Amino acid sequence: MHGYLHIDHAKMVFDTKKGKFTALSDINLDVKQGEFITLIGHSGCGKSTLLNLVAGLNDPSDGVLLLSDKEIKGPGPERAVVFQNHSLLPWLTCFGNVYLAVERVFGAKEPKARLKERTEAALDMVGLTHALHQRPNEISGGMKQRVGIARALAMEPKVLLLDEPFGALDALTRAGLQDELMRIVEETHATTLMVTHDVDEAVLLSDRIVMMTNGPAATIGDILEVGLPRPRDRLKLAENPGYHHLRGQVLEFLYQKQLRKAA
Amino acid sequence: MSAVTFNESSLKDIMNSPDTTPLPDAATSAPRPAFFPPSGPAFSAAVGKLLRAALPPLLGMALFVLLWQIVSASGGEHGLPGPAKTWESAKLLFADPFYDNGPNDKGIGWNILASLNRVGMGFGLAALVGIPAGFMIGRFQFLSGMVAPIVSLLRPVSPLAWLPIGLYVFKETEPASLWVIFISSIWPIILNTAAGVSRVPQDYLNVARVLNLSEWKIFTRILFPSVLPHLMTGIRLSMGVAWLVIVAAEMLTGGTGIGFWVWDEWNNLNVEHILIAIFIVGIIGLLLEQVLVLIANRFNYE
Ligand SMILES: Nc1ncnc2c1ncn2[C@@H]1O[C@H](COP(=O)(O)OP(=O)(O)OP(=O)(O)O)[C@@H](O)[C@H]1O
Ligand SMILES: [Mg+2]
């Protein structure tokens, strides 16, 4: 018996002009339903690649990925992705971008008015009601990322895959969206995999932090269990000694164990 | 005097600008008080900007007319008609552009319309066939491999080489000239559309894959809008080719059209009219191009 999401000896080899490049090797991970996992590691180690494997956008060169005991074969709307580069369609408005996803997931069983409501609610949640009818090239980078988040959340996915979703946001918006994400995930019980570079974010949000070694042939270096009670409050956590201990452990992994290897 | 120094400085600006854009962009680096009412220094700055933009083309045109005058004057009695004489002739010609004295003597307006009509039909057919073909070739690697040798073989063929085939198959000049326009303007549409389809960014296709969109939705929401700018480039190039080809084709097929008219005036030895025809062809080509550029800009999302 294994977890809801089961990754077994996954390996990813890319064919490049200079020959084969092994990005990931021997990835083993079991994720429980409703669990919040963050992936952390240095740039270029293969976090996006691992997320793409779970999304089904890439097939593993070796090993197997199972979601509720079924092999992951290609992508699907039950696994929503917030892409690292937001990937909005430039010819659609913010509304249009989210609506495309809502229509795909709920269009068969709900009337148009309800789809419209869902779309507006999703954009409202990320604070973009005022930008409904603007095109991606007319809004800031942070706003684009928020549209990307709204698009994924509006699909009410079973698995939520986020690739540095808050990367281009200022600290304030970032904090607001982190709280929002915690609330939504608690409500929907979505199983979440999120890539981040931010240690505080990782500790605040996750049940477990998956720390990856540097590539090539990156693998999971260590997994940190975050036992902090929920619901979590960023202000109270700041006074929690456990929080600082966890933070220290992640930092140590990233900046002592891994950096030395890279050097 | 002031105009000369002005021009020198603008030339220097162009030379110094790192990317040497063809338009004098120096105005952006100079302080530009945009919100003041047009008076005093702001007003003269605005006038200066206008001058700077208008001066080079005006100067170029003036030089062109001057050269023309010199060439025509140096030819003596049998030289080319000069600008003034051509202008007078043009005024006469356009005084009554839509007269109709039987099949071989129609006003210039009718001839222009006949040519535009042919270009529109031949080019429209090319678009009708070329756009879907381009999409198919871009989407399916196998098809692309099949078509590639045919395209590379046929594309370099001179448009007029197709005319005898058209005449032989259709037995009439009208469909033959449409055929020539069709076959010579279809390649840019096919090639640009296909290139656009194969260059749709992977990110957009990933969105389609995650959402698991239907083929139809992928086409209308992702493929088509993404290819549109390339498609417009193809259409622009192909329209240019069609307009180039029509004049030559009409010279050979006769009847009506600006090309036929040129040939007819050559037989009448009316050189002014030939010069006028060259201007007409140039101006209409320019207008067509500009209209298509305007439409293309409408679909530019970057
Ligand atoms: N399609 C591909 N073809 C070839 N190599 C690839 C491809 N995608 C990723 N790689 C390589 O795999 C490695 C991991 O890339 P990946 O994008 O997963 O890194 P990352 O951890 O997400 O980095 P970042 O934090 O900067 O986003 C990199 O060395 C990258 O060059
Ligand atoms: Mg990445």
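Just so you know, these numbers come straight off a predicted model, no measurement behind them. So you know, we letter chains A, B, ... as the sequences are listed, proteins then strands, and number each from 1.
Arg79(A) touches chain B through its backbone: at least one of N, CA, C or O sits under 4.5 Å from a heavy atom, while the side chain does not. In this structure, chain B has no heavy atom under 4.5 Å from any part of Ala55(A). No part of Asn52(A) comes within reach of chain B, as not one of its non-hydrogen atoms sits under 4.5 angstrom from that chain. Contacts of Ser214(B) with chain A are absent, with no heavy-atom separation under 4.5 Å from either backbone or side chain. In this structure, no portion of Leu161(A) lies under 4.5 Å from any heavy atom of chain B. Proximity to chain A (any heavy atom under 4.5 Å) is shown, for Ile222(B), by both the backbone and the side chain.
Per-residue heavy-atom pair counts under 4.5 Å with chain B were compared for Val81(A), Leu88(A), Leu100(A), and the maximum is reached by Leu100(A).
Listed here is the closest heavy atom pair of Pro77(A) and Asn212(B): CD-CB, 3.8 Å. For Leu89(A) against Arg221(B), the heavy-atom pair with the smallest separation is CD1-O, 4.1 Å. Taking each heavy atom of Gly56(A) and Arg209(B) in turn, the nearest pair found is O-NH2, 3.5 Å.
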Does the side-chain contact (heavy atoms from CB on, under 4.5 Å) test come out yes or no for Asp203(B) and Phe83(A), once each step is laid out?
-> CA-CA 9 Å; Asp203(B) 289 346; Phe83(A) 294 95; 6.0 Å; no
Would you please test Glu103(A) and Lys217(B) for side-chain contact (heavy atoms from CB on, under 4.5 Å) and show each step?
-> CA-CA 11 Å; Glu103(A) 192 185 30; Lys217(B) 271 271 150 76; 3.0 Å; yes
Go through the steps to decide whether Asn97(A) and Val207(B) satisfy the test side-chain contact (heavy atoms from CB on, under 4.5 Å), and finish with yes or no.
-> CA-CA 10 Å; Asn97(A) 267 288; Val207(B) 171; over 6 Å; no
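The distance between the ring centers of Tyr204(B) and Trp91(A) falls below 6.0 angstrom.
For Arg155(B), the CZ atom is loosely surrounded, since the number of other residues' heavy atoms within 6.0 Å does not exceed 12. Atom NZ of Lys158(A) sits in a sparse spot, with 12 or fewer heavy atoms from other residues, nucleotides or ligands closer than 6.0 Å. Environment of CD in Glu187(A): crowded, with over 12 heavy atoms of neighbouring residues, nucleotides or ligands closer than 6.0 Å.
Atom-to-atom distance recorded for Leu205(B):CG and Leu57(A):CG is 10.5 Å, nearest 0.5 angstrom.
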